[in-house]
Trainee: 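Take this structure, written in structure tokens, and hold onto it; I'll ask about it next.
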There are 2 protein chains.
Amino acid sequence: MNTLAEENYLKAIYHLTENDGNASTNQIASSLNTKASSVTDMLKKLADKALINYTPYQGVNLTPSGEKIALGIIRKHRLWEYFLVEKLNFKWDQVHDLAEEMEHISSEELIDRLDQFMGYPTHDPHGDPIPDCNGRFNTHELKPVSAVTINQCGVISGVRDHSSSFLQYLDKQQLTIGCKIIITDIIEYDHSVVVQTGNKEVQISREVANNLLIAL
Amino acid sequence: MNTLAEENYLKAIYHLTENDGNASTNQIASSLNTKASSVTDMLKKLADKALINYTPYQGVNLTPSGEKIALGIIRKHRLWEYFLVEKLNFKWDQVHDLAEEMEHISSEELIDRLDQFMGYPTHDPHGDPIPDCNGRFNTHELKPVSAVTINQCGVISGVRDHSSSFLQYLDKQQLTIGCKIIITDIIEYDHSVVVQTGNKEVQISREVANNLLIAL
DNA sequence: TTATTTTTTTAGATTAGTCTAAATTTTTTA
DNA sequence: TAAAAAATTTAGACTAATCTAAAAAAATAA
Ligand SMILES: [Mn+2]
Ligand SMILES: [Mn+2]
Ligand SMILES: [Mn+2]
Ligand SMILES: [Mn+2]
């Protein structure tokens, strides 16, 4: 078994390398609110356990066994978030910190039964895909609203910023997962985007548009 | 907030002092599978935090704030056990170790919502009372089967041994929480007890009778 | 009531995870 | 390509929680 700290490092490295190649010491430090020197120590330990590929000064990435552990933790995180929202009626902006704790409950059997209890959901309350018990999930193509042209329509399907202030703002604008929207205008001056949702039109800043993902 | 180790010590002290007065260093050590010297260190720390009353060489008991924390952990332990059995279909002999981990999830709001979700259960799968959100619970009088006279009847309502081997044995004999039983005979030679449950008669040893609690 | 046994505490180490400050390596800039 | 800046690692220290071995106190027995 791995310690709580090790699990958090593996998850952070997974997210930092999801798209590109290697995670740097400083990136890991800032994503875990810790210091670079602490990260270096832990990288050595994880490399000794063959969970990461580590070349000093060159950053790291996960080995297959490191990735397997990371995906297991992400699976637990997202399933607990789903549980908190769907069964315990939490709001989508309240569940992340709780799930950060719950994702470290170790039992595989528990999480598989929870998965079954909830009917094998495929996405968490923020639209992120939930890995199945083998670590597999389908990653459909999402685009930020900021990258879409006028008159296109789509369904809100994810967010890039998981902070509660962003999620609460989206709630207020009625821009939540599953909403169908149409991009009706793009303001040239500041790249604000005007979107129609339901019978309402709202204008969102470039920054918001950048963090709001839709399926076309 | 308190560390995981502190919470486990407080819970252990609570259980050791539930009936009598003080818990000794050695009792705590053996109930936590640790060494007496480690316990002494922790007792000093808990006394500094005013969670226990500690006089060197005299054992300890909980202060009101220590007891409040202990009851909060016991509430969480028993609610999670209930959840695991009632919602995720675990057996009553499989849930204790999982709950030992889950009882340390810190959120009060989470546990109160879980309580509501399950309909405010009053007892866990082993018959132990679940403290409410104020730490209160009603403790009805239970008697071990070994202390009951012939021809008395009662309802199985608790166990003194929570080990899975004992719980599995009870399952096999169909002696589970809620079963109505009648004591039909007591063997004088070894104090075995013959009980009738449903239409079946089973004989249980003195040791089993001692660990099986009924409400008369 | 003195000697023996048991219990508890103290002393000194160890491990995981973290930190600051200093040294080293890599990258960028001039 | 040499100097400056940025990133990373090393050195040394700290805390929480644990351990073993030794010392001290309390309980028990002779
Ligand atoms: Mn989350
Ligand atoms: Mn999420
Ligand atoms: Mn239990
Ligand atoms: Mn129980």
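Note that the structure is predicted; figures quoted are calculated from it, not measured. The sequence lines fix the lettering, A, B, ..., with proteins before strands; numbering per chain opens at 1.
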Trainee: The test is side-chain contact (heavy atoms from CB on, under 4.5 Å); show your working for B:Asp161 and B:Leu212 and say whether it passes.
Mentor: CA-CA 8 Å; B:Asp161 177 357; B:Leu212 190 59; over 6 Å; no
Trainee: Could you state the atom-to-atom distance from CD1 of B:Ile28 to P of D:dT18 in whole Å?
Mentor: 13 Å
Trainee: Whole angstroms only, please: what is the CG-C1' distance between A:Asn8 and C:dA16?
Mentor: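 Distance, rounded to whole Å: 14 Å.
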Trainee: Could you pull out all residues at least two apart from A:Asp115 that satisfy side chain to side chain donor-acceptor pair (under 3.5 Å)?
Mentor: A:Arg75
Trainee: Nearest whole angstrom, please: distance from the P of D:dT15 to the NZ of B:Lys49.
Mentor: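 Going from B:Lys49 (NZ) to D:dT15 (P), I get 15 Å.
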Trainee: Should the pair B:Lys87 and B:Phe117 be classed as cation-pi, given the thresholds of under 6.0 Å to the six-membered ring centre and 45° from the axis?
Mentor: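 Geometry flag: set, cation within 6.0 Å and 45°.
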Trainee: Given atom CG of B:Leu32 and atom P of D:dC19, what is their separation to the nearest angstrom?
Mentor: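 Going from B:Leu32 (CG) to D:dC19 (P), I get 10 Å.
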Trainee: Produce a footprint string for nucleotides 7-14 of chain C: one letter per nucleotide, 5' end first; B if the base is under 4.0 Å from any protein heavy atom, S if only the sugar-phosphate is, - if neither.
Mentor: SSBB----
Trainee: Just how far, in rounded Å, is C1' of D:dA7 from CG of A:Asn22?
Mentor: 15 Å
Trainee: Looking at C:dA30, which nucleotide sits across from it as a Watson-Crick or G-U wobble partner, both distances under 3.5 angstrom, or is there none?
Mentor: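 Pairing partner, where one exists within any strand: D:dT1.
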Trainee: Hey, does the side chain of A:Lys35 come within less than 4.0 Å of C:dT20's phosphate (OP1/OP2), counting only N and O?
Mentor: yes
Trainee: Compute the centroid of each ring, for A:His123 and then for A:His140, and state whether the two points are separated by less than 6.0 Å.
Mentor: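 Here the rings of A:His140 and A:His123 have centres that are less than 6.0 Å from each other.
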Trainee: Can you list every side-chain hydrogen bond (donor to acceptor under 3.5 Å, both in side chains) pair that touches residues 32-41 of chain A, not counting sequence neighbours?
Mentor: none
Trainee: For B:Met42 and D:dC19, give me the distance from atom CE to atom P, rounded to whole Å.
Mentor: 11 Å
Trainee: Which of these, A:His96, A:Glu101, A:His104, sits in a side-chain hydrogen bond (donor to acceptor under 3.5 Å, both in side chains) with A:His77?
Mentor: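 Among the candidates, only A:His96 passes.
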